[in-house]
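When a residue number appears, it is its place in the shown sequence, counting from 1.
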Amino acid sequence: MCIRDRSGDMPRFTLETALKVRKRLEKFYQKAHADEVQAEQQYKERLQLMSSALEIHNKDLDDAKENGLTISQLILGGHFQQRIEQQMELTEYQLKEQQEVVDLKRHELTLATQKKRVLEILKDKENKKYRDEMERLERLEADEIAQNYRRHAKI
């Protein structure tokens with residue numbers, strides 16, 4: 001599975017192109033996953049912001065009750081609270097959907113990483129096999145040189 005490169009050093013991995021494609025796919029899935037995680041974070045921040053707004057509204061409403069509250073203020077406050085709660089429900093639903101997308105992207109990234117890793121392991125094994133063979137040939141050559149030296153030394 002190895003082809004010697006032009007420099008005579010380590011052979012070129014025959015599946016190098018496939019490995020490069022797998023690396024690019026992994027980067028693509030990493031970016032897609034990161035984008036989806038960022039979108040998920042934005043939903044969480046939006047929920048936190050609405051929750052804070054609702055807490056502030058309820059505190060203001062409690063303060064207004066102590067200082068006298070008109071019916072119109074109560075009605076407006078009720079409408080505001082209702083709109084915020086509806087928006088929070090919608091955002092929670094969107095967040096849940098986004099979390100499913102993040103899980104899908106995480107799964108895709110995991111698969112891409114595993115496929116790339118398989119090719120990397122194959123490449124490492126081929127490189128080791130090549131190095132072992134080169135070491136074996138070097139030992140044979142050294143043994144032959146030593147035998148020739150001994151023969152010539154006896155003469």
Side-chain angles (χ1 to χ4, degrees), residues 1-140:
M1 271 195 150
C2 288
I3 299 172
R4 284 197 68 114
D5 69 359
R6 291 181 186 107
S7 68
D9 292 332
M10 191 65 69
R12 188 173 80 72
F13 181 53
T14 55
L15 296 174
E16 191 67 38
T17 303
L19 180 57
K20 287 178 183 177
V21 168
R22 292 289 178 201
K23 286 179 179 179
R24 281 196 303 268
L25 277 173
E26 182 186 35
K27 284 181 183 176
F28 170 79
Y29 286 123
Q30 283 174 340
K31 184 181 179 336
H33 179 257
D35 291 345
E36 297 303 334
V37 167
Q38 184 178 15
E40 177 186 28
Q41 187 59 36
Q42 289 172 347
Y43 283 119
K44 287 178 179 178
E45 289 170 2
R46 188 180 310 159
L47 267 176
Q48 183 61 42
L49 182 66
M50 286 187 275
S51 179
S52 295
L54 200 52
E55 286 177 24
I56 291 170
H57 167 73
N58 287 335
K59 184 184 175 301
D60 289 346
L61 191 60
D62 289 342
D63 291 345
K65 286 178 187 175
E66 290 177 10
N67 299 328
L69 183 67
T70 66
I71 295 294
S72 62
Q73 288 174 318
L74 190 59
I75 292 172
L76 285 174
H79 289 310
F80 175 78
Q81 184 171 352
Q82 187 178 16
R83 280 194 318 274
I84 292 290
E85 287 171 351
Q86 287 173 344
Q87 279 297 74
M88 285 180 74
E89 281 181 34
L90 175 63
T91 303
E92 285 170 353
Y93 175 78
Q94 291 170 328
L95 175 60
K96 182 181 171 223
E97 296 239 323
Q98 186 62 33
Q99 288 169 333
E100 290 174 8
V101 171
V102 167
D103 288 343
L104 176 66
K105 295 298 178 184
R106 183 179 301 114
H107 179 70
E108 289 174 343
L109 175 58
T110 300
L111 289 177
T113 301
Q114 287 172 345
K115 289 177 181 179
K116 180 197 79 164
R117 187 67 190 130
V118 165
L119 290 176
E120 288 175 336
I121 289 169
L122 283 174
K123 182 178 181 178
D124 291 343
K125 284 182 179 180
E126 282 191 15
N127 288 341
K128 183 184 180 330
K129 185 178 175 183
Y130 174 78
R131 284 190 306 272
D132 291 347
E133 180 64 14
M134 289 296 109
E135 287 173 11
R136 186 184 72 78
L137 291 174
E138 287 172 5
R139 281 192 308 274
L140 284 175

Using the rule given for side-chain contact (heavy atoms from CB on, under 4.5 Å), can you reason through His33 versus Gln30, listing the C-alpha separation, both sets of side-chain angles and the distance that settles it, and then say yes or no? CA-CA 5 Å; His33 179 257; Gln30 283 174 340; 5.8 Å; no

Decide yes or no on side chain to side chain donor-acceptor pair (under 3.5 Å) for Tyr93 and Glu97, but give the supporting numbers first. CA-CA 6 Å; Tyr93 175 78; Glu97 296 239 323; 2.8 Å; yes

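Within the 4.5 Å cutoff, the side chain of Asn58 has heavy atoms near those of the Gln81 side chain. A heavy-atom distance below 4.5 Å is found between the side chains of Lys123 and Leu19. Residues Met50 and Arg83 fail the side-chain proximity criterion, which asks for heavy atoms closer than 4.5 Å. At a threshold of 4.5 Å between non-hydrogen side-chain atoms, the residues Glu120 and Lys23 count as touching. For the pair Tyr29 and Leu111, the minimum side-chain heavy-atom distance is 4.5 Å or more. For the pair Val118/Gln114, no side-chain contact is recorded, criterion being any heavy-atom separation below 4.5 Å from C-beta on. Residues Glu85 and Leu54 are in side-chain contact: their nearest non-hydrogen atoms beyond the backbone lie under 4.5 Å apart. Inter-residue side-chain proximity for Gln41 and Gln38 is flagged as unmet; no heavy-atom pair is nearer than 4.5 Å.
The minimum heavy-atom distance linking Ala32 with Lys105 is given by the pair CB-CD, 4.2 Å. Residues Leu109 and Glu26 approach most closely at CD1-O, 3.7 Å, considering heavy atoms. Here the closest non-hydrogen pair linking Tyr43 and Leu95 is CB-CD1, 3.8 Å.
Judged purely by atom type and a 3.5 angstrom limit, Ser51 has no side-chain atom pairing as donor or acceptor with the backbone of Leu47. Judged by distance alone, with hydrogens and angles left aside, the side-chain atoms of Gln98 form a donor-acceptor pair with the main-chain N or O of Glu36 at under 3.5 Å.
A salt bridge links Arg136 with Glu133: at least one charged nitrogen is closer than 4.0 Å to a carboxylate oxygen. Ionic pairing of Asp103 and Arg106 is present here: one or more N-O contacts between side-chain nitrogen and carboxylate oxygen are shorter than 4.0 angstrom. Between Lys128 and Asp124 there is no salt bridge, since none of the side-chain N atoms of the basic residue sits less than 4.0 Å from a carboxylate O of the acidic one.
Atom CG of Leu90 has more than 12 heavy atoms from other residues, nucleotides or ligands within 6.0 Å. Surrounding NE2 of His107 are at most 12 heavy atoms belonging to other residues, nucleotides or ligands under 6.0 Å away.
Note that the CG atom of Asn127 and the CG atom of Asp132 stand 11.0 Å from one another [nearest 0.5 Å]. Taking CD of Glu40 as the reference point, atom CD of Glu100 lies at 11.0 Å (rounded to 0.5 Å). For the atom pair Leu25 CG and Thr113 OG1, the distance stands at 10.5 Å (nearest 0.5 Å). Once rounded to the nearest 0.5 Å, the distance linking CZ of Arg117 with CG of Leu119 reads 10.5 Å. Note that CD of Glu92 is 10.5 Å distant from CD of Gln94, once rounded to the nearest 0.5 Å. The distance from atom CG of Leu49 to atom CD1 of Ile84, rounded to the nearest 0.5 Å, is 8.0 Å.
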